[in-house]
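As structure tokens, the structure follows; a few thoughts come after it.
All figures in this text were calculated on a predicted structure; none of them were measured in a lab. Chain letters run A, B, ... following the sequence lines, proteins first, then strands; residues in each count from 1.
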Protein chains: 2
Amino acid sequence: MTVPSGRRERKKAATRQKIADTALRLFLDRGYDAVGIRDVAAEADVAVTTLFSHFASKEALVFEQDEDFEQRLAQAVTGRAPHEPLIPALRREIEALVRHCTADSAAPIWRLVEETPALREYEESMRLRHAEALGMAIAADLGLPRTTTDCRTIARFVIDAYSLAREAADPEAALDEIFRMIEAAWEVTSSSRCTRGAVPPDGAEAGRAVTAR
Amino acid sequence: MTVPSGRRERKKAATRQKIADTALRLFLDRGYDAVGIRDVAAEADVAVTTLFSHFASKEALVFEQDEDFEQRLAQAVTGRAPHEPLIPALRREIEALVRHCTADSAAPIWRLVEETPALREYEESMRLRHAEALGMAIAADLGLPRTTTDCRTIARFVIDAYSLAREAADPEAALDEIFRMIEAAWEVTSSSRCTRGAVPPDGAEAGRAVTAR
DNA sequence: TTCGAAAAACTAACCGTTAGTGCTACGGTC
DNA sequence: GACCGTAGCACTAACGGTTAGTTTTTCGAA
């Protein structure tokens, strides 16, 4: 029950890191499909079962770093400046994420992902989880008691923006264009939210002002 | 090179159907994960390799019927009445598809899909393909020489509508709401398309009028 | 030092999927 | 009607990701 301070945690983290590094190196070297789990485990000098105790699947080895994606998006919603409208705040965060992916240092990894169907599929599945989480964050921010259709929808659109911009020839321009569309969609639904009177039943102060676009 | 008319084709189709039926029955009976490929093959009285010569994967057994999804969407775009605006036409088609899924007869299958992560993942991947195809159809309909970002974006949004509406408590209402948002997004991008002058370089007559919303 | 527990190892399998090979029945051709 | 090419299918055997079960090692705390 005590807090395991020290060596054990460090060793565990080191093992995890060694596995991830080895895997990425081999994947970039020989290609994702050409490298087996048993290869990675042998090269990292661990047992196969150990590898799977650190990573849920072979694909997860590649996306090791991007575990904070969800948190960053939620943070962009809940941690934005007071009275700052929602969509621009999300746009800024998405832009940063896209830039991070298209940066030269990360380029080989994303090329690997794009070339490998299994990895693409895995990432799509991740995106859906992210969209769901973002939808919840937006709903909470608006003070809604549950995730409504419009929150879920906008969340999907925002995640779509990330995905589409990454694949576009000019990511910045694509983001411009897509977020103009999202902005329009958001205005429609947020104005009708007022007339619908979807303010939570317990009254006034919960969440951010609904009128803040 | 002749058209193989007759028994051979019928036998092949019968084998395929028998496999699909058997698979669906077993899956609904015992659950997707509890039934192995070898079980399905044995019950359908075919070899495992035969099964895989008819279906690309275990998941494909479940989505056997919905192979015309892409075609239906493309048809909704290219085959709509002259001067009928794009988005409402798509809305009608999506509505029909959603109704088809939520109908009582298909309900057990979709419950199975929703309960099984592997099937959800597979369907997501299918949706992305559908979105890409729809984007191409839209671009072609507008007379654009290639699939632009806004076409791709609207296509994604439309597919999102399908996915979100199916999961919503009240699919009709959800479609209302989401398509209002899509309509707004489409107006923004289609009006700026005129000012951008994205008419194909070879001049006038290709495709439908850009001004038709 | 000793003990409990977490981490890692090892074995042995399960399951989806594929390659390789050969047989059989069907369809077109002479 | 006999012949031949081939499509459909069966069979074996394996590959690669993943997991269960069990045992050994390693660390932290008493």
Would you call B:E114 and B:R120 a salt bridge, using N to O less than 4.0 angstrom?
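Here B:E114 does not pair with B:R120 in a salt bridge, since their nearest N and O are not under 4.0 Å apart.
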
Salt bridge check: are A:E167 and B:R152 linked by an N-O gap of less than 4.0 Å?
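Result for this pair is no, no salt bridge flagged.
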
Indicate yes or no for a side-chain donor-acceptor contact from [X] to the backbone of [Y] under 3.5 Å, with no hydrogens or angles considered.
| X | Y | result |
| --- | --- | --- |
| A:T116 | A:V113 | no |
| B:R16 | B:H54 | yes |
| B:R30 | B:F27 | no |
| A:Y32 | A:E59 | yes |

Whole-Å distance separating the [atom1] atom of [X] from the [atom2] atom of [N]:
| X | N | atom1 | atom2 | result |
| --- | --- | --- | --- | --- |
| A:F52 | D:dT19 | CZ | P | 7 Å |
| B:Y122 | C:dG16 | OH | C1' | 14 Å |
| B:E121 | D:dG17 | CD | P | 16 Å |
| A:R10 | C:dA8 | CZ | P | 14 Å |
| B:K12 | C:dA25 | NZ | P | 18 Å |
| A:E9 | C:dA7 | CD | P | 9 Å |
| A:F55 | D:dT18 | CZ | P | 13 Å |
| B:L61 | C:dT17 | CG | C1' | 13 Å |

Nearest to the side chain of [X], which nucleotide is it out of [options]?
| X | options | answer |
| --- | --- | --- |
| B:K58 | C:dA7, D:dA10, C:dT17 | C:dT17 |
| A:E59 | D:dT18, C:dT18, D:dA10 | D:dT18 |
| A:T49 | D:dC11, D:dA20, D:dT18 | D:dA20 |
| A:R8 | C:dA7, D:dT18, C:dT17 | C:dA7 |

Side chain B:T15 and base D:dC9 donor-acceptor under 3.5 Å:
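Flag unset: no donor-acceptor pair detected.
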
side-chain N/O B:H54 vs D:dC9 OP1/OP2, d < 4.0 Å:
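Checking B:H54 against D:dC9: at least one side-chain N or O falls below 4.0 Å of OP1 or OP2.
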
At under 4.0 Å, does any side-chain N or O of B:S53 touch on OP1 or OP2 of D:dG8?
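Indeed not, no polar side-chain atom of B:S53 lies that close.
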
How bent is the helix from C:dT1-D:dA30 to C:dC30-D:dG1, comparing axes over its five end pairs at each side, to the nearest 10°?
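Overall, the helix from C:dT1-D:dA30 to C:dC30-D:dG1 bends by 10° from one end axis to the other.
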
With a 4.0 Å heavy-atom cut-off, tell me which residues in residues 26-40 of chain A come close to DNA chain C, sorted by residue number.
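Here the set is A:R38.
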
Ring geometry between B:H130 and B:F69 (parallel below 30°, tilted from 30 to 60°, perpendicular above 60°):
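Ring orientation of B:F69 relative to B:H130: parallel.
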
What I'd like to find out is whether the side chain of A:T153 reaches to under 4.5 Å of the side chain of B:I182, using heavy atoms alone.
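They are not in contact (no side-chain heavy atoms under 4.5 Å apart), so the answer is no.
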
Between atom CD1 of B:I138 and atom CD1 of B:I87, what is the distance when rounded to the nearest 0.5 Å?
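Separation between the atoms: 6.5 Å.
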
By the 4.0 Å heavy-atom rule, please label A:V46 as base, sugar-phosphate, or nothing.
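Answer is sugar-phosphate: A:V46 comes under 4.0 Å of backbone atoms only.
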
How about CE on B:M136, more than 12 heavy atoms from neighbouring residues, nucleotides or ligands closer than 6.0 Å, or not?
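Atom CE in B:M136 is not packed in, count stays at 12 or less.
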
DNA chain C: B:K11 or B:A56, which has the more 5' nearest nucleotide?
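Closer to the 5' end of DNA chain C: B:A56.
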
